[in-house]
Asker: 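Sharing a structure with you now.
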Number of protein chains: 2
Amino acid sequence: MSEPAWNPYDRNCPSRGLLDRISSRWTILIVGVLAEGPSRFSDIARRVDGLSEKMLTQTLRQLEEDGLVSRTVTPSVPVRVDYELTTDGRTLIAPLHALEDWVVTHMSQVDQARHSAREARA
Amino acid sequence: MSEPAWNPYDRNCPSRGLLDRISSRWTILIVGVLAEGPSRFSDIARRVDGLSEKMLTQTLRQLEEDGLVSRTVTPSVPVRVDYELTTDGRTLIAPLHALEDWVVTHMSQVDQARHSAREARA
DNA sequence: CAGGATCCCGCCTGATACTG
DNA sequence: CAGTATCAGGCGGGATCCTG
(Lines give C-alpha, C1' and ligand atoms only; values in the text may rest on other atoms or scores of the structure.)
Protein backbone atom coordinates (compact mmCIF):
# COMPACT_ATOMS: atom_id res chain seq x y z
CA MET A 1 0.00 0.00 0.00
CA SER A 2 1.82 3.08 -1.19
CA GLU A 3 0.63 6.62 -0.79
CA PRO A 4 -1.52 8.09 -3.50
CA ALA A 5 0.57 10.14 -5.94
CA TRP A 6 -0.61 13.56 -4.85
CA ASN A 7 -0.13 16.00 -7.66
CA PRO A 8 -1.24 19.63 -7.45
CA TYR A 9 -0.75 19.99 -11.21
CA ASP A 10 -3.84 17.83 -11.59
CA ARG A 11 -6.93 19.93 -11.09
CA ASN A 12 -8.89 17.05 -9.57
CA CYS A 13 -6.26 16.11 -7.02
CA PRO A 14 -7.16 17.11 -3.46
CA SER A 15 -3.65 18.48 -3.08
CA ARG A 16 -4.61 21.28 -5.46
CA GLY A 17 -7.18 22.44 -2.94
CA LEU A 18 -4.78 22.09 -0.05
CA LEU A 19 -2.20 24.16 -1.90
CA ASP A 20 -4.81 26.86 -2.36
CA ARG A 21 -5.59 26.86 1.32
CA ILE A 22 -2.09 27.07 2.71
CA SER A 23 -0.94 29.59 0.14
CA SER A 24 -3.83 31.95 0.72
CA ARG A 25 -2.99 35.44 1.88
CA TRP A 26 -4.63 35.10 5.28
CA THR A 27 -3.31 31.63 6.04
CA ILE A 28 0.26 32.78 5.47
CA LEU A 29 -0.07 35.80 7.74
CA ILE A 30 -2.07 34.04 10.45
CA VAL A 31 0.41 31.18 10.63
CA GLY A 32 3.09 33.83 10.76
CA VAL A 33 1.51 35.24 13.91
CA LEU A 34 0.88 31.84 15.49
CA ALA A 35 4.47 30.88 14.79
CA GLU A 36 5.47 33.14 17.66
CA GLY A 37 3.20 31.37 20.09
CA PRO A 38 -0.45 30.80 20.97
CA SER A 39 -2.64 33.80 20.33
CA ARG A 40 -6.14 34.92 21.09
CA PHE A 41 -8.68 35.73 18.43
CA SER A 42 -8.45 39.47 18.83
CA ASP A 43 -4.67 39.40 19.06
CA ILE A 44 -4.44 37.87 15.62
CA ALA A 45 -6.99 40.32 14.26
CA ARG A 46 -4.95 43.18 15.65
CA ARG A 47 -1.65 42.00 14.21
CA VAL A 48 -2.87 41.21 10.71
CA ASP A 49 -3.91 44.53 9.24
CA GLY A 50 -7.03 44.43 7.09
CA LEU A 51 -8.15 41.00 8.25
CA SER A 52 -11.90 40.94 8.82
CA GLU A 53 -13.43 38.90 11.63
CA LYS A 54 -15.25 36.89 9.04
CA MET A 55 -12.13 35.79 7.18
CA LEU A 56 -10.22 35.24 10.41
CA THR A 57 -12.92 32.89 11.65
CA GLN A 58 -13.15 31.13 8.33
CA THR A 59 -9.41 30.66 7.98
CA LEU A 60 -9.02 29.43 11.55
CA ARG A 61 -11.85 26.93 11.02
CA GLN A 62 -10.12 25.55 7.95
CA LEU A 63 -6.78 25.27 9.71
CA GLU A 64 -8.53 23.53 12.57
CA GLU A 65 -10.35 21.15 10.24
CA ASP A 66 -7.04 20.27 8.62
CA GLY A 67 -5.46 19.55 11.98
CA LEU A 68 -2.97 22.40 11.73
CA VAL A 69 -4.34 24.61 14.49
CA SER A 70 -5.89 23.77 17.84
CA ARG A 71 -8.59 25.79 19.52
CA THR A 72 -8.80 26.07 23.29
CA VAL A 73 -11.76 27.63 25.04
CA THR A 74 -11.39 28.91 28.58
CA PRO A 75 -14.88 29.27 30.07
CA SER A 76 -14.47 32.56 31.85
CA VAL A 77 -16.50 35.73 31.55
CA PRO A 78 -15.92 36.89 28.94
CA VAL A 79 -14.84 33.74 27.19
CA ARG A 80 -11.23 33.36 26.24
CA VAL A 81 -10.19 31.41 23.18
CA ASP A 82 -6.63 30.55 22.30
CA TYR A 83 -5.34 29.32 18.99
CA GLU A 84 -2.12 27.39 18.65
CA LEU A 85 -0.29 25.56 15.92
CA THR A 86 -0.37 21.79 16.27
CA THR A 87 2.69 19.63 15.70
CA ASP A 88 1.63 19.30 12.09
CA GLY A 89 0.88 22.97 11.84
CA ARG A 90 4.33 23.86 13.02
CA THR A 91 5.78 22.19 9.93
CA LEU A 92 4.16 25.01 7.99
CA ILE A 93 6.21 27.69 9.72
CA ALA A 94 9.41 27.20 7.72
CA PRO A 95 7.94 27.14 4.20
CA LEU A 96 5.52 29.98 4.87
CA HIS A 97 8.11 32.11 6.58
CA ALA A 98 10.38 31.54 3.58
CA LEU A 99 7.70 33.15 1.47
CA GLU A 100 7.39 36.16 3.74
CA ASP A 101 11.13 36.42 3.83
CA TRP A 102 11.42 36.28 0.06
CA VAL A 103 8.94 39.10 -0.24
CA VAL A 104 10.68 41.48 2.12
CA THR A 105 14.12 40.77 0.67
CA HIS A 106 13.05 41.12 -2.94
CA MET A 107 10.47 43.88 -2.73
CA SER A 108 12.93 46.60 -3.68
CA GLN A 109 14.23 44.67 -6.66
CA VAL A 110 10.73 43.98 -7.87
CA ASP A 111 9.84 47.60 -7.38
CA GLN A 112 12.66 48.64 -9.64
CA ALA A 113 11.72 46.06 -12.22
CA ARG A 114 8.23 47.51 -12.26
CA HIS A 115 9.55 50.98 -12.92
CA SER A 116 11.73 49.67 -15.73
CA ALA A 117 8.77 47.89 -17.22
CA ARG A 118 6.78 51.11 -17.18
CA GLU A 119 9.58 53.01 -18.89
CA ALA A 120 9.89 50.34 -21.56
CA ARG A 121 6.22 50.71 -22.31
CA ALA A 122 6.42 54.48 -22.60
CA MET B 1 19.94 55.06 3.39
CA SER B 2 18.46 51.87 4.66
CA GLU B 3 15.81 49.82 2.94
CA PRO B 4 12.19 50.57 3.68
CA ALA B 5 10.85 48.25 6.38
CA TRP B 6 8.69 46.10 4.15
CA ASN B 7 5.96 44.55 6.19
CA PRO B 8 3.24 42.37 4.66
CA TYR B 9 1.27 42.57 7.92
CA ASP B 10 0.54 46.18 7.00
CA ARG B 11 -2.26 46.29 4.49
CA ASN B 12 -0.85 49.37 2.77
CA CYS B 13 2.65 48.00 2.31
CA PRO B 14 3.45 47.04 -1.27
CA SER B 15 4.89 43.78 0.04
CA ARG B 16 1.36 42.68 0.86
CA GLY B 17 0.52 42.81 -2.82
CA LEU B 18 3.72 41.05 -3.80
CA LEU B 19 2.99 38.29 -1.31
CA ASP B 20 -0.43 37.87 -2.89
CA ARG B 21 1.11 37.58 -6.31
CA ILE B 22 3.80 35.02 -5.61
CA SER B 23 1.58 32.92 -3.40
CA SER B 24 -1.24 32.70 -5.92
CA ARG B 25 -2.22 29.26 -7.12
CA TRP B 26 -1.14 29.83 -10.71
CA THR B 27 2.14 31.55 -9.90
CA ILE B 28 3.24 28.63 -7.77
CA LEU B 29 2.44 26.03 -10.41
CA ILE B 30 3.79 28.05 -13.33
CA VAL B 31 7.06 28.74 -11.56
CA GLY B 32 7.12 25.03 -10.77
CA VAL B 33 7.06 24.27 -14.47
CA LEU B 34 9.57 26.95 -15.42
CA ALA B 35 11.89 25.68 -12.71
CA GLU B 36 12.68 22.74 -14.97
CA GLY B 37 13.70 24.98 -17.82
CA PRO B 38 12.37 27.43 -20.41
CA SER B 39 8.92 26.57 -21.68
CA ARG B 40 6.60 27.65 -24.41
CA PHE B 41 3.17 29.12 -23.74
CA SER B 42 1.29 26.00 -24.73
CA ASP B 43 3.69 23.72 -22.86
CA ILE B 44 2.89 25.48 -19.61
CA ALA B 45 -0.82 25.39 -20.36
CA ARG B 46 -0.59 21.67 -21.00
CA ARG B 47 1.29 20.88 -17.81
CA VAL B 48 -0.84 22.92 -15.43
CA ASP B 49 -4.24 21.30 -15.48
CA GLY B 50 -7.18 23.68 -15.36
CA LEU B 51 -5.15 26.77 -16.20
CA SER B 52 -7.03 28.99 -18.63
CA GLU B 53 -5.20 30.92 -21.33
CA LYS B 54 -6.40 34.10 -19.76
CA MET B 55 -4.89 33.42 -16.37
CA LEU B 56 -1.72 32.05 -17.91
CA THR B 57 -1.24 35.23 -19.89
CA GLN B 58 -2.10 37.40 -16.94
CA THR B 59 0.21 35.59 -14.55
CA LEU B 60 3.11 35.57 -17.01
CA ARG B 61 2.67 39.30 -17.60
CA GLN B 62 2.85 39.94 -13.87
CA LEU B 63 5.94 37.81 -13.47
CA GLU B 64 7.51 39.61 -16.40
CA GLU B 65 6.61 43.02 -15.00
CA ASP B 66 8.20 42.04 -11.70
CA GLY B 67 11.39 40.96 -13.45
CA LEU B 68 10.98 37.32 -12.49
CA VAL B 69 10.34 35.87 -15.93
CA SER B 70 11.75 36.77 -19.34
CA ARG B 71 9.82 36.51 -22.57
CA THR B 72 11.52 35.64 -25.85
CA VAL B 73 9.72 35.88 -29.16
CA THR B 74 11.02 33.95 -32.15
CA PRO B 75 9.46 35.49 -35.27
CA SER B 76 8.62 32.34 -37.18
CA VAL B 77 5.31 31.18 -38.61
CA PRO B 78 3.61 30.49 -36.39
CA VAL B 79 5.26 32.62 -33.75
CA ARG B 80 7.17 30.89 -30.99
CA VAL B 81 7.37 32.39 -27.52
CA ASP B 82 9.57 31.08 -24.76
CA TYR B 83 9.33 31.93 -21.09
CA GLU B 84 12.20 31.54 -18.70
CA LEU B 85 12.91 32.39 -15.10
CA THR B 86 15.34 35.28 -14.65
CA THR B 87 18.12 35.21 -12.09
CA ASP B 88 15.75 36.86 -9.66
CA GLY B 89 12.96 34.53 -10.61
CA ARG B 90 15.08 31.52 -9.88
CA THR B 91 15.27 32.57 -6.23
CA LEU B 92 11.57 31.77 -6.12
CA ILE B 93 12.09 28.12 -6.96
CA ALA B 94 13.17 26.99 -3.52
CA PRO B 95 10.43 28.64 -1.42
CA LEU B 96 7.66 27.77 -3.85
CA HIS B 97 8.83 24.22 -4.28
CA ALA B 98 8.87 23.91 -0.51
CA LEU B 99 5.18 24.72 -0.55
CA GLU B 100 4.42 22.12 -3.19
CA ASP B 101 6.50 19.65 -1.29
CA TRP B 102 4.71 20.37 1.97
CA VAL B 103 1.39 19.74 0.29
CA VAL B 104 2.27 16.35 -1.18
CA THR B 105 3.92 15.15 2.00
CA HIS B 106 1.11 16.27 4.30
CA MET B 107 -1.95 15.65 2.17
CA SER B 108 -2.64 12.25 3.70
CA GLN B 109 -2.35 13.58 7.25
CA VAL B 110 -4.65 16.46 6.47
CA ASP B 111 -7.10 14.12 4.82
CA GLN B 112 -7.28 12.07 8.00
CA ALA B 113 -7.68 15.16 10.12
CA ARG B 114 -10.64 16.17 7.96
CA HIS B 115 -12.30 12.82 8.49
CA SER B 116 -11.76 13.10 12.22
CA ALA B 117 -13.25 16.57 12.19
CA ARG B 118 -16.33 15.27 10.42
CA GLU B 119 -16.76 12.48 12.92
CA ALA B 120 -16.44 14.89 15.80
CA ARG B 121 -19.24 16.96 14.34
CA ALA B 122 -21.52 13.99 13.90
C1' DC C 1 0.64 29.05 -31.81
C1' DA C 2 -0.03 32.78 -28.68
C1' DG C 3 -2.74 35.58 -27.32
C1' DG C 4 -6.82 39.60 -27.10
C1' DA C 5 -11.82 40.71 -26.14
C1' DT C 6 -16.17 39.68 -23.75
C1' DC C 7 -19.48 38.01 -20.80
C1' DC C 8 -20.74 36.42 -16.45
C1' DC C 9 -20.94 34.22 -12.03
C1' DG C 10 -19.19 33.07 -7.53
C1' DC C 11 -16.45 34.24 -3.80
C1' DC C 12 -13.96 37.55 -1.01
C1' DT C 13 -14.49 41.70 1.01
C1' DG C 14 -16.28 45.26 3.90
C1' DA C 15 -20.02 47.09 6.83
C1' DT C 16 -23.45 46.56 10.12
C1' DA C 17 -26.02 44.48 13.64
C1' DC C 18 -26.77 41.09 17.11
C1' DT C 19 -25.58 37.24 20.94
C1' DG C 20 -23.65 34.27 24.91
C1' DC D 1 -14.43 38.87 24.10
C1' DA D 2 -15.36 35.86 20.39
C1' DG D 3 -17.93 35.06 17.54
C1' DT D 4 -22.64 34.54 14.09
C1' DA D 5 -25.83 36.60 10.51
C1' DT D 6 -26.79 39.22 6.70
C1' DC D 7 -26.39 42.09 2.86
C1' DA D 8 -24.26 45.05 -0.91
C1' DG D 9 -20.40 45.46 -3.84
C1' DG D 10 -16.25 44.35 -6.56
C1' DC D 11 -13.24 41.64 -8.81
C1' DG D 12 -10.84 37.40 -9.65
C1' DG D 13 -11.31 33.83 -12.65
C1' DG D 14 -13.65 30.51 -15.96
C1' DA D 15 -15.79 29.86 -20.53
C1' DT D 16 -16.23 31.19 -25.08
C1' DC D 17 -15.20 33.36 -29.39
C1' DC D 18 -12.01 35.67 -32.37
C1' DT D 19 -7.24 37.03 -34.63
C1' DG D 20 -2.20 37.95 -36.50
Side-chain angles (χ1 to χ4, degrees), chain A residues 8-13 16-30 33-34 38-65 69-84 117 121, chain B residues 8-13 16-31 33-34 38-66 69-84 117 121:
Chain A
Y9 290 90
D10 176 358
R11 75 159 115 190
N12 295 127
C13 182
R16 167 74 68 93
L18 183 57
L19 181 60
D20 287 349
R21 279 197 178 188
I22 67 159
S23 66
S24 89
R25 170 203 291 183
W26 302 128
T27 297
I28 297 173
L29 298 175
I30 290 171
V33 169
L34 293 179
S39 297
R40 304 181 60 176
F41 186 85
S42 47
D43 286 336
I44 305 175
R46 209 170 302 115
R47 296 189 49 183
V48 182
D49 191 25
L51 172 56
S52 69
E53 295 186 348
K54 181 179 168 184
M55 288 313 296
L56 175 52
T57 301
Q58 192 178 109
T59 307
L60 286 172
R61 292 283 179 277
Q62 288 181 350
L63 288 168
E64 202 189 345
E65 182 187 8
V69 158
S70 66
R71 181 173 184 270
T72 310
V73 181
T74 306
S76 52
V77 182
V79 188
R80 173 194 177 101
V81 182
D82 284 276
Y83 292 93
E84 184 175 6
R121 259 186 315 238
Chain B
Y9 290 90
D10 175 358
R11 75 158 116 190
N12 295 127
C13 181
R16 168 74 67 94
L18 183 58
L19 182 60
D20 286 348
R21 281 196 178 189
I22 68 160
S23 67
S24 90
R25 170 203 292 184
W26 302 128
T27 298
I28 297 173
L29 297 176
I30 290 172
V31 169
V33 169
L34 292 178
S39 296
R40 302 182 60 178
F41 185 86
S42 47
D43 286 336
I44 305 175
R46 210 171 301 118
R47 295 188 50 183
V48 182
D49 190 27
L51 171 55
S52 68
E53 295 185 347
K54 179 183 168 181
M55 289 313 296
L56 176 52
T57 300
Q58 192 177 111
T59 308
L60 286 172
R61 292 284 178 278
Q62 288 180 350
L63 288 168
E64 203 189 344
E65 182 187 7
D66 291 351
V69 157
S70 66
R71 182 172 183 269
T72 309
V73 182
T74 305
S76 52
V77 182
V79 188
R80 173 196 177 99
V81 182
D82 284 275
Y83 292 93
E84 184 176 5
R121 260 189 312 246

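Below, chain A is the first sequence line, B the second, and so on; all start at residue 1.
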Asker: What is the distance, to the nearest angstrom, from the CD1 atom on A:Ile30 to the C1' atom on C:dC12?
Answerer: 14 Å
Asker: Is there a donor-acceptor contact under 3.5 Å from the side chain of B:Thr27 to the main chain of B:Ser23?
Answerer: no
Asker: Whole angstrom is fine here: how far is it from CG in B:Leu29 over to C1' in D:dG13?
Answerer: 15 Å
Asker: Whole angstrom is fine here: how far is it from CZ in B:Arg46 over to C1' in C:dC1?
Answerer: 10 Å
Asker: Could you tell me the separation between the CD1 atom of B:Ile22 and the CD1 atom of B:Ile28, rounded to the nearest 0.5 Å?
Answerer: 8.0 Å
Asker: Can you tell me the distance, in whole Å, between the CG atom of B:Leu51 and the P atom of D:dG12?
Answerer: 17 Å
Asker: Output the rounded distance in Å from CG (A:Asp20) to C1' (C:dC11).
Answerer: 13 Å
Asker: Which one, C:dC12, D:dC1, D:dG3, comes nearest to the side chain of A:Gln58?
Answerer: C:dC12
Asker: So, does B:Trp26 get its side chain near the phosphate of D:dG14, meaning an N or O under 4.0 Å from OP1 or OP2?
Answerer: yes
Asker: Just how far, in rounded Å, is C1' of C:dC1 from CG of B:Asp43?
Answerer: 11 Å
Asker: Under the side chain to side chain contact (heavy atoms under 4.5 Å, CB included) rule, what do B:Arg71 and B:Glu84 come out as? Steps first, then yes or no, please.
Answerer: CA-CA 7 Å; B:Arg71 182 172 183 269; B:Glu84 184 176 5; over 6 Å; no
Asker: Where the side chain of A:Arg40 is concerned, which of D:dA2, C:dC1, C:dT13 is the nearest nucleotide?
Answerer: D:dA2
Asker: Is there a donor-acceptor pair under 3.5 Å between the side chain of B:Asp49 and the backbone N or O of A:Asp10?
Answerer: no
Asker: Which whole-number value in Å describes the distance from A:Met55 CE to D:dG3 P?
Answerer: 15 Å
Asker: Would you please confirm or rule out a distance under 4.0 Å between OP1 or OP2 of D:dG3 and any side-chain N or O of A:Tyr83?
Answerer: yes
Asker: Judged by each residue's nearest nucleotide on DNA chain C, which is more toward the 5′ side, B:Val79 or A:Pro78?
Answerer: B:Val79
Asker: List the steps, then state whether side chain to side chain contact (heavy atoms under 4.5 Å, CB included) holds for A:Val33 with A:Val48.
Answerer: CA-CA 8 Å; A:Val33 169; A:Val48 182; 3.8 Å; yes
Asker: Just by modelled atom types, is the B:Ser76 backbone N or O under 3.5 Å from a matching donor or acceptor in the B:Thr74 side chain?
Answerer: no
Asker: Rounded off to whole Å, could you give me the CD1-to-C1' distance for the A:Ile44 and D:dG3 pair?
Answerer: 13 Å
Asker: So how far is it from A:Trp26 CH2 to A:Leu56 CG, rounded to the nearest 0.5 Å?
Answerer: 9.5 Å
Asker: When you match A:Arg11 and A:Arg80 each to their closest nucleotide on DNA chain D, which lands nearer the 5' end?
Answerer: A:Arg80
Asker: Between B:Arg21 and D:dG12, does any side-chain N or O lie under 4.0 Å from OP1 or OP2?
Answerer: no
Asker: Students often get this wrong, so: under 4.0 angstrom with heavy atoms, is A:Ser52 touching a base, only sugar-phosphate, or nothing?
Answerer: nothing
Asker: Any N/O pairs under 3.5 Å between the protein and nucleotides 4-9 of chain D? List them or say none.
Answerer:
from: D:dT4; atom 1: OP1; to: A:Arg61; atom 2: NH2; distance (Å): 3.3

Asker: Does the side chain of A:Arg25 get closer than 4.0 angstrom to OP1 or OP2 of C:dT13 through an N or O atom?
Answerer: yes
